[in-house]
Amino acid sequence: MIKIFNSFSSNKDKFEPFEKNMVKVFICGPTLYDYTHVGHARIFLTYDLLCRHLRERGYDTDVLVNMTDINQNVFNKAKDESKDYHVVARFYAQKFAEDLNILNIKSVNRFAYVSDYVEYMESHISQLLEQKIAYYANGNVYLDISKDRKYGMLSKQSRNQLQLHRLDIGPNKKSQEDIMLWNCSDDFGFSWKSKFGSGIPWWHMQDTTVALENFGANYDIHGGARELLYPHHEAHLAQYKMFSTSENPVKMWMHVGLVLSNGEKMSKSLGNVVWSKDLAQKYGQNLLRLYIFSTHYREDVNFDEKQIIERRQLLQKINITGTKTSKKTDSELSVLVEAFFAALDDDLNSPKALEIFENICSKVIAGSNIGYDDFQRICQVLGIVL
RNA sequence: GGUGAGGUGGCAGAGCGGCUAUGCGUUCGCCUGCAAAGCGAAUCUAUAGGGGUUCGAAUCCCUUCCUCACCUCCA
């Protein structure tokens, strides 16, 4: 039985997909204005591990990543470089794909450029207007959040708290916490024509539409970094529910911890950003995986290259073990192999799984036998390629 | 200020009521032409501070202090 910590329930919940053997996963993807950094890499490595493990456990996976190209940062970059924003976005999308590839992340099978979905966003927003769940204010369109009694439950905030936020500020909003769906401003330098006037579909609505068009009324896992919990995921859930018959159209909300650098969040202004491609080139994807997986995904990691290097010993042991596989696994090691997978069943406890794997390798090097198939299963789930 | 997650040996990081992981590091052996890797052994005996509960707490409760994240865009 697979258990996953669900941010909505704040509990390790037993995982059962809506469809028997198919797991639909939505991962909040990159905004296409810069290269992939370690933080992004960690997110996608984590879900890659999850999907590999789900497949090991007999599920099929269907993984969707939104590629955000309607965003102020992308527009700014395009203006700075005097290019069409599409050119900028596609350039970084290409780089992102390359970065995933270098890291042997093969789980993602749907990449959705949000700008390809604008007409659907328009139609979704229209539906909400017709149902009087959304309203106009100063030309913008907002979601009337009072229609969702459970709004705030994902980020664990009371109504009072929610009202304090300076979210999507604009005149004539019915309520301060209402979420913007369409922004009619022309100040962005780029805009789309719609029946609401020209403007841009707002951030949260982009993902809601992408999810609806790809997955329909529900899906199993929504993933992303913890920092997206509020307002992004809270807003997405509120919107999504309006199109679903279920109160819980998304089974699991899985949030990955941040990668810090010198104890602080990576950001360009602090100058502490580490690019994924540089690390992959320097250390290789195997080592990077062993490093990332040696911390539980919900914890923050203080990025430290020394610790990547420390993982070399483990990789070496794995390499040696790979040359010593047998036809059959000793019963003593079979227990450990099962324990490896059981650790991953328990909210993807990869540090524990790696410890068990290291133990297995030590025993094989000392003379015990592991079957080729068992060894391969483990490497396959970890994404290690020898 | 509000909300959430944390504070474990030199470092990383499990354990989440009793048997005090594990890895790196350090030291010494074996191996090797030398080194690296590997193997063996030794080393450090930790749980932020203060109160409780208990026969017994890193693990439960209270409290103080500290760290990080979110609350504008952010993976």
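Labels below follow one simple rule: chain letters A, B, ... track the order of the sequence lines, proteins then strands, and each chain is numbered from 1.
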*Considering heavy-atom distances to RNA chain B, does A:His296 or A:Ile365 have its closest nucleotide positioned more toward the 5' end?*
A:His296
*Starting at the 5' end of RNA chain B, which residue's closest nucleotide do you reach first, A:Ile320 or A:Lys156?*
A:Lys156
_Classify A:Thr31 by what it touches in the nucleic acid, base, sugar-phosphate, or nothing, heavy-atom distance under 4.0 Å._
sugar-phosphate
_B:rG38 versus B:rC24 - spacing of their P atoms, nearest Å_ = 7 Å
*Span that lies between the P atom of B:rG9 and that of B:rA21, in whole angstrom*: 13 Å
*A:Asp345/A:Lys3 salt bridge by N-O under 4.0 Å criterion*: no
*Which value, in whole Å, describes the distance between the P atoms of nucleotides B:rU22 and B:rU43?*
14 Å
*Rounded to the nearest Å, what distance is computed from the NE2 atom of residue A:His40 to the P atom of nucleotide B:rA75?*
4 Å
*Mind checking A:Gln157 for me? I need base, sugar-phosphate or nothing, with any heavy atom below 4.0 Å counting as a touch.*
nothing
_Using a 4.0 Å heavy-atom cut-off, does A:Lys352 contact any base of the nucleic acid, only the sugar-phosphate backbone, or nothing at all?_
nothing
*At under 4.0 Å, does any side-chain N or O of A:Ser155 touch on OP1 or OP2 of B:rU3?*
no
*Which of these, A:Trp253, A:Tyr219, A:Phe26, A:Phe215, sits in a ring-ring contact (aromatic ring centres under 6.0 Å, His included) with A:Tyr240?*
A:Tyr219
*Would you mind reading off the distance between A:Arg298 atom CZ and B:rC68 atom P, rounded to a whole angstrom?*
21 Å
_Using atom P in both nucleotides, what's the gap between B:rG13 and B:rG17 to the nearest angstrom?_
22 Å
_Would you call the rings of A:His233 and A:His222 parallel, tilted or perpendicular, taking 30° and 60° as the class edges?_
perpendicular
*Ion pair check, A:Lys251 and A:Asp13, cut-off under 4.0 Å*: no
*State which residue, out of A:Thr208, A:Asn214, A:Asn66, fulfils the side chain to side chain donor-acceptor pair (under 3.5 Å) condition with A:Tyr117.*
A:Asn214
*Integer-rounded Å distance: B:rG15 P and A:Ile356 CD1*: 11 Å
_For a quick test of reading the model: is some side-chain N or O of A:Gln313 closer than 4.0 Å to OP1 or OP2 of B:rG25?_
yes
